[in-house]
Amino acid sequence: MPLSPEIQQEVERLRREISHHNELYHSLDAPVIPDSDYDALVASLEALEREHGLDDLDSPTQRVGGTPLDKFTQVQHEVAMLSLDKVFSEQDLLDFEARIQRRLEDESPLEYSCEPKVDGIAVSLMYVDGRLQRAATRGDGVTGEDITHTVKTVRDVPLQVPSLRKGSQLEVRGEIFLGKEGFARLNRRALAEGSKTFVNPRNTAAGALRQLNPKVTAKMPLQMYCYSIGVHTGLELPSKLSEVFTQLGNWGFSINPDRSTGTGIQSCLAYCLDLLRKRVGLAYEIDGAVIKVNDFKIQQQLGQNVRSPRWAMAYKFPAEEKSTTVLDVEFQIGRTGTITPVARLDPVFVGGVTVSNTTLHNMDEIARLGLRIGDEVIVRRAGDVIPKIVKVIEPEKNSAAEEISLPDGCPSCGSPLQRDGEVLWRCSADSIGVVCPAQLKESIKHFASRLALDIEGLGDKLVEQLVDADLIADVSDLFVLDVEAVANLERMGEKSAQNLIDAIAASGRTSLQRFLYALGIREVGEATAQALVNHYGNLDAIRQADEESLEQVPDIGPIVARHILDFMADAGKQQLIDRLQARGVVWQDIEMGSKNRALDGQTYVLTGTLEKLTRNEAKSRLTALGAKVAGSVSKNTDCLVAGPGAGSKLTKAEELGIKIIDEEGFLQLLDDLNS
Ligand code: IVH
């Protein structure tokens, strides 16, 4: 069937667009769209070409990467540097093995090398007579660029391999990348120097390798993991990839420690899922796993397609960067009145979750991004890190976008906004004697939250309903709620109303630490509340403390002391505390001199991500109970608190048979010890 002009145009448009993005990504190291958008463009073009039998060798679907830049000498790869086919689902990975077995006409399970797919830049290192002669980028797979001058600055790259004999030639391939820690260090340095921060490790590493001046590259903590061999003459190599890895390691190359070998595709699948779980805790960024047939003879038998070998497959993980549109920006009021811009996004699946809004922190961040409503942006969510907008995509193309400006007054109560420090603004309601409904709702949510009074069943929605129905004017009203009034709220009833009121009453029997935290004094987090309790033992002493005394408390400086003094001196707050006590909030004071040192002499180690507490809070809670917090696990460790992403510390604790608890167990322990 002849091709319709519409299809022809669409194919040409896609080819042009993909070539444009290839150029930006591979040659200029400055991609404007996330990889996932690029993959989607290629997939649409491939589908059209397949459907209409179009096999133009010039199509970007037939080429691997970008065209080399003029500024570097070109290098012809004797053995083409191929790309990998990718799958996104378990079933597609299983199909991969079935396809191989059909081709081999052999159903027996195969042995595979399973490796992390490191998100960096593919590089070829050519050793002649054991000396590094040339390093090159992949380029379009056939022609790359000579980047020997910059690669020589990478510490993982051996300049000489003494065991390689005269007359030998060996091409080692692998990925050069910036580890997470190295990348964070670079950005800390950039911030300190007041220069622009880097968006992501991959592009930063690519830019560093494409430098003309190797001194600039030398400042970047680049790393390399080797994953294959190209040209090899005048030397014997083992018959399996896993054995080549051992050999390369012995020769001084850096090999990924998180690789593994397995038999049968099910074991590869288990590897992929395990790697996905460990992703956040890995020291480098990955975008998936690579599964390769381990035996070189079988690899040869299987051969290759145009761009990729039939014996390898990339299992791609959920993308950590996606593009979406900013639909609107709203200004949220926090419990202490701080105003925070929040971007409402066209919902997008990124880093394993659907993201529909994200904080923009402050107006400076908006200015830094050059963000406007209607802009297309890149959203990044790595692991369980809070999603954020990292970049606006081609803003010049969007003339309809709308500037974002701070509202004239508080969006909730209309009070004027006040500047608070260099970048923050807050609603002035509190200081002019107005009750701001947004602040009130947030302070009640905080009061009821898990680390505060932990009121079961009092979720955000219910708090909003209670305030909107004028049933509570401050947190003390929670304790005198009327069952009938609550039962009349939407989606409530007699029974749930009674349950709520019982839960509120039960929460009133609390600890002084929880109570202080629940009051929501500015900058008094859980750890500071604990420090106050440890120091003073009872509320009266805290209410009467002066500045000098407060500054004696560990971790309390002049700013926090000022916030505590202001709070305690405020007549409204004094009445609130009195009312709360009068309405049934009670706790046991701590006998001074007999502090709770339940963990005296014990050593704790924290690892992985904690979600409910910050590291510092966890540390001060432990030290308040007499424990020591160490940085590494040893036989002297009593307990390891391990959050998601825990890595080597967890393994070591398991080996040593040390008690391991997760964050949930840790919070429970603190609760038990403090009750
Ligand atoms: S093997 C023929 N192994 O992924 C096999 N590639 O799209 C070619 N990559 O260009 C590559 N980690 O930049 C291989 N363990 C690994 C890898 C890996 C990252 C990158 C590499 C390659 C791209 C394939």
Side-chain angles (χ1 to χ4, degrees), residues 17 21 24-25 29-44 86 88 117 119-120 178 180 183-184 186-187 190-191 196-207 276 279-280 282 284-288 316-332 340-398 400-404 423 609 611 644-645:
E17 190 166 351
H21 289 302
L24 291 172
Y25 183 94
D29 305 321
V32 291
I33 55 170
D35 288 0
S36 51
D37 287 17
Y38 174 84
D39 288 347
L41 288 174
V42 174
S44 321
K86 27 191 164 216
F88 294 87
K117 188 168 184 305
D119 202 6
L178 257 175
K180 289 179 188 168
F183 181 68
L186 277 185
N187 269 342
L191 276 177
K196 246 182 116 185
T197 51
F198 302 96
V199 173
N200 72 40
R202 193 218 160 260
N203 297 343
T204 312
L276 180 55
R279 185 184 197 177
V280 208
L282 291 179
Y284 48 88
E285 300 225 352
I286 59 172
D287 56 357
K316 293 273 277 189
F317 293 164
E320 291 185 329
E321 283 186 6
K322 281 271 183 75
S323 70
T324 187
T325 310
V326 174
L327 302 176
D328 198 4
V329 170
E330 285 171 12
F331 288 86
Q332 280 184 355
T340 311
V342 175
R344 299 267 167 250
L345 304 172
D346 196 1
V348 44
F349 187 73
V350 56
V353 298
T354 299
V355 177
S356 43
N357 53 56
T358 175
T359 176
L360 292 164
H361 305 289
N362 52 54
M363 296 307 286
D364 271 23
E365 174 75 357
I366 294 177
R368 192 184 69 75
L369 288 165
L371 181 71
R372 298 159 308 165
I373 296 168
D375 271 338
E376 205 175 331
V377 293
I378 296 181
V379 175
R380 179 175 175 79
R381 182 186 182 272
D384 49 9
V385 174
I386 301 162
K388 62 175 192 172
I389 294 178
V390 288
K391 197 172 176 286
V392 178
I393 300 176
E394 304 184 296
E396 62 285 356
K397 288 200 180 155
N398 186 2
E402 189 190 317
E403 296 294 331
I404 301 162
V423 291
T609 321
E611 281 155 356

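Side chains of Thr204 and Leu186 form a contact here, defined as non-hydrogen atoms less than 4.5 Å apart. Using a 4.5 Å cut-off on side-chain heavy atoms (C-beta onward), Pro341 and Ile366 make contact. The shortest distance between side-chain heavy atoms of Pro201 and Asp119 does not fall below 4.5 Å.
Atom CG of Leu371 is separated from atom CD1 of Ile404 by 4.0 Å, given to the nearest 0.5 angstrom. Atom CD1 in Ile389 sits 9.0 Å away from atom OG1 in Thr324 (nearest 0.5 Å). Going from atom CD1 of Ile378 over to atom CG of Leu369 covers 11.0 Å, rounded to the nearest 0.5 Å.
At distances below 3.5 Å, not a single donor-acceptor pair connects side-chain atoms of Asp375 with backbone N or O atoms of Pro395. In this structure, Thr358 contributes its side chain and Pro387 its backbone to a donor-acceptor pair below 3.5 Å.
Taking the side chain to side chain contact (heavy atoms under 4.5 Å, CB included) definition, one finds that Glu17 meets it with Arg13, His21, Leu41, sequence neighbours left out. Every residue two or more places apart in sequence or in another chain was checked for a ring-ring contact (aromatic ring centres under 6.0 Å, His included) with Phe331, and none qualifies. Looking at residues two or more places apart in sequence or on another chain, you find a salt bridge (Lys or Arg N to Asp or Glu O under 4.0 Å) between Arg380 and Glu285, Glu321. Applying the salt bridge (Lys or Arg N to Asp or Glu O under 4.0 Å) criterion to Asp35, with sequence neighbours excluded, gives no partner residue. Partners of Lys86 according to the salt bridge (Lys or Arg N to Asp or Glu O under 4.0 Å) rule, which considers only residues two or more places apart in sequence or in another chain, are Asp39.
Among all heavy-atom pairs drawn from Gly370 and Val392, the shortest one is O-CG2, 4.1 Å. Considering all non-hydrogen atoms of both residues, Ala319 and Ser36 come closest at CB-CB, 3.9 Å.
A salt bridge (Lys or Arg N to Asp or Glu O under 4.0 Å) check over residues 344-363, counting only residues at least two apart or in different chains, returns the pairs Glu330-Arg344.
Counting non-hydrogen atoms of other residues, nucleotides and ligands closer than 6.0 Å to NZ of Lys388 gives a total of 12 or fewer.
For Lys316 and Asp287, the salt-bridge test passes: some basic side-chain N is under 4.0 Å from an acidic carboxylate O.
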